[in-house]
Amino acid sequence: MEQDEPIKVDKWDQNSVRIALDDAAKKVLLGLGYEENFRLIDKRLAICTLAVVAAGFALIYDWLYPFPASRNIIIFCVVSYTFLMGVLTIYMNYCEKSIFLIAHEKDPIGTEPDVVWTLSSSMLKYDQYYTLNIERSSANEHVRLSSVRKSVGEFFDENGELHFDAFQPVVLNLHKTLHSDKKSQ
């Protein structure tokens with residue numbers, strides 16, 4: 001797998017560093033032929049869409065029937081929007097957590113259920129260490145987790161350029177440890 005254009009970030013911006021590493025890990029795993037599952041993102045998008053529909057309905061209703069007549073509808077839409085934003089916050093903090101990829105490994109024959117690979121990461125504020133977690137689960141087995149904690153200095157140079165060739169083996173080794181566990185059982 002070749003990196004077409006080098007990824008360059010502000011090395012002092014922790015969020016952009018973490019996101020660049022997340023994108024690189026996603027590229028490595030999807031390069032193995034896995035199929036990405038957008039279920040978490042779709043649910044977040046559905047919640048946001050409902051909130052925007054509630055706000056849009058309030059706007060249109062108020063335009064058609066000016067304020068005194070639309071008071072109850074506006075109150076209902078504002079409460080609905082606020083409730084949906086609360087649901088979105090809870091969903092993102094407790095369901096999505098720090099997951100940035102869910103990928104399915106399809107069985108070539110099609111007789112076995114899919115193996116689901118989940119990637120998540122964390123990087124504490126003002127910390128130089130990046131933690132990548134890979135979780136492997138399938139219907140037939142228990143969930144297995146492997147993680148690595150490395151300094152971002154191992155993957156970025158002084159100019160903030162990501163060295164994909166230094167990061168790719170780390171992700172592949174994590175993947176290999178979980179994949180070989182399956183074959184040894």
Side-chain angles (χ1 to χ4, degrees), residues 1-9 13-49 87-125 127-156 161-185:
M1 176 187 288
E2 290 272 336
Q3 180 72 1
D4 301 335
E5 189 176 310
I7 298 172
K8 192 170 183 179
V9 297
D13 181 7
Q14 184 178 12
N15 284 331
S16 64
V17 168
R18 185 181 58 80
I19 290 169
L21 289 171
D22 289 351
D23 289 344
K26 186 178 191 178
K27 183 175 182 177
V28 170
L29 205 65
L30 292 177
L32 297 173
Y34 298 159
E35 184 179 308
E36 188 170 2
N37 182 332
F38 297 99
R39 178 178 34 113
L40 284 176
I41 297 169
D42 290 345
K43 288 179 184 177
R44 181 182 356 143
L45 186 60
I47 295 168
C48 291
T49 302
V87 169
L88 179 65
T89 302
I90 290 169
Y91 176 76
M92 288 176 65
N93 288 330
Y94 296 105
C95 295
E96 273 189 14
K97 299 175 189 163
S98 58
I99 295 172
F100 61 90
L101 175 68
I102 297 177
H104 289 261
E105 178 183 1
K106 301 282 185 188
D107 181 35
I109 301 171
T111 58
E112 297 290 322
D114 292 354
V115 175
V116 179
W117 295 87
T118 305
L119 270 66
S120 62
S121 68
S122 64
M123 193 170 176
L124 298 175
K125 194 170 188 174
D127 194 6
Q128 67 174 348
Y129 293 102
Y130 172 79
T131 305
L132 176 65
N133 304 309
I134 298 182
E135 181 181 295
R136 182 185 191 280
S137 61
S138 71
N140 303 355
E141 308 168 359
H142 62 282
V143 176
R144 289 193 308 273
L145 176 72
S146 184
S147 66
V148 66
R149 185 172 190 247
K150 297 266 189 180
S151 172
V152 296
E154 295 180 36
F155 311 122
F156 289 93
E161 190 172 307
L162 174 64
H163 293 282
F164 189 75
D165 54 340
F167 184 67
Q168 184 179 17
V170 172
V171 178
L172 290 175
N173 284 340
L174 275 176
H175 176 267
K176 185 179 174 184
T177 59
L178 292 177
H179 216 275
S180 62
D181 284 351
K182 173 196 171 209
K183 292 183 179 166
S184 66
Q185 289 179 352

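Numbers here are sequence positions counted from 1.
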Q. Short question: side chain of D114, backbone of V116 - any donor-acceptor pair under 3.5 Å?
A. no
Q) Between R18 and D22, is there a side-chain N and carboxylate O pair less than 4.0 Å apart? A) yes
(Q) As an exercise, state the distance from CZ of R149 to OG1 of T131, rounded to the nearest 0.5 Å. (A) 5.0 Å
**Q.** Shortest non-hydrogen contact from Y130 toward S121
**A.** OH-CB, 3.5 Å
Q: State plainly whether the residues E96 and K43 are in salt-bridge range, i.e. N to O under 4.0 Å.
A: no
Q) Could you give the distance from CE (M92) to CD1 (I99), rounded to the nearest 0.5 Å? A) 12.5 Å
Q.
Given the ring of F164, does K27 sit roughly above its face, with NZ or CZ under 6.0 Å from the centre of the six-membered ring and within 45° of the axis?
A. yes
Q: Check whether any side-chain heavy atom of L21 sits under 4.5 Å from a side-chain heavy atom of L132, and report yes or no.
A: no
Q. E36 versus L101: any side-chain heavy-atom pair under 4.5 Å?
A. yes
Q) Between K125 and Q14, which heavy-atom pair has the shortest distance, and what is it? A) CA-OE1, 3.2 Å
Q.
Within the 4.5 Å heavy-atom criterion, are L29 and W117 side-chain neighbours or not?
A. yes
Q) Do F156 and F167 come close enough that some side-chain heavy atom pair is under 4.5 Å? A) no
Q: Starting at CG of N93, measure out to CD1 of I90 and round the result to the nearest 0.5 Å.
A: 8.5 Å
Q. What is the distance from atom OG of S137 to atom CD1 of I102, rounded to the nearest 0.5 Å?
A. 9.0 Å
Q.
Any salt bridge linking R144 with E135? Criterion: basic side-chain nitrogen under 4.0 Å from a carboxylate oxygen.
A. no
Q) Should the ring pair Y34 and H175 be called parallel, tilted or perpendicular, given that the plane angle runs from 0 to 90° and is split at 30 and 60? A) tilted
**Q.** For Y91 against L40, the heavy-atom pair lying closest together
**A.** OH-O, 3.0 Å
Q.
Is any side-chain heavy atom of L88 closer than 4.5 Å to one of C48?
A. yes
**Q.** Min side-chain heavy-atom separation F155-H163 under 4.5 Å
**A.** no
Q) Quick one: are N133 and L145 in side-chain contact, heavy atoms under 4.5 Å? A) yes
**Q.** 4.5 Å side-chain heavy-atom contact, L172 and L32
**A.** yes
Q.
Quick check: closest heavy atoms across I134 and V171, and the distance to 0.1 Å?
A. CD1-O, 4.1 Å
(Q) How long is the straight-line distance from CZ of R39 back to CD1 of I41, given to the nearest 0.5 Å? (A) 11.0 Å
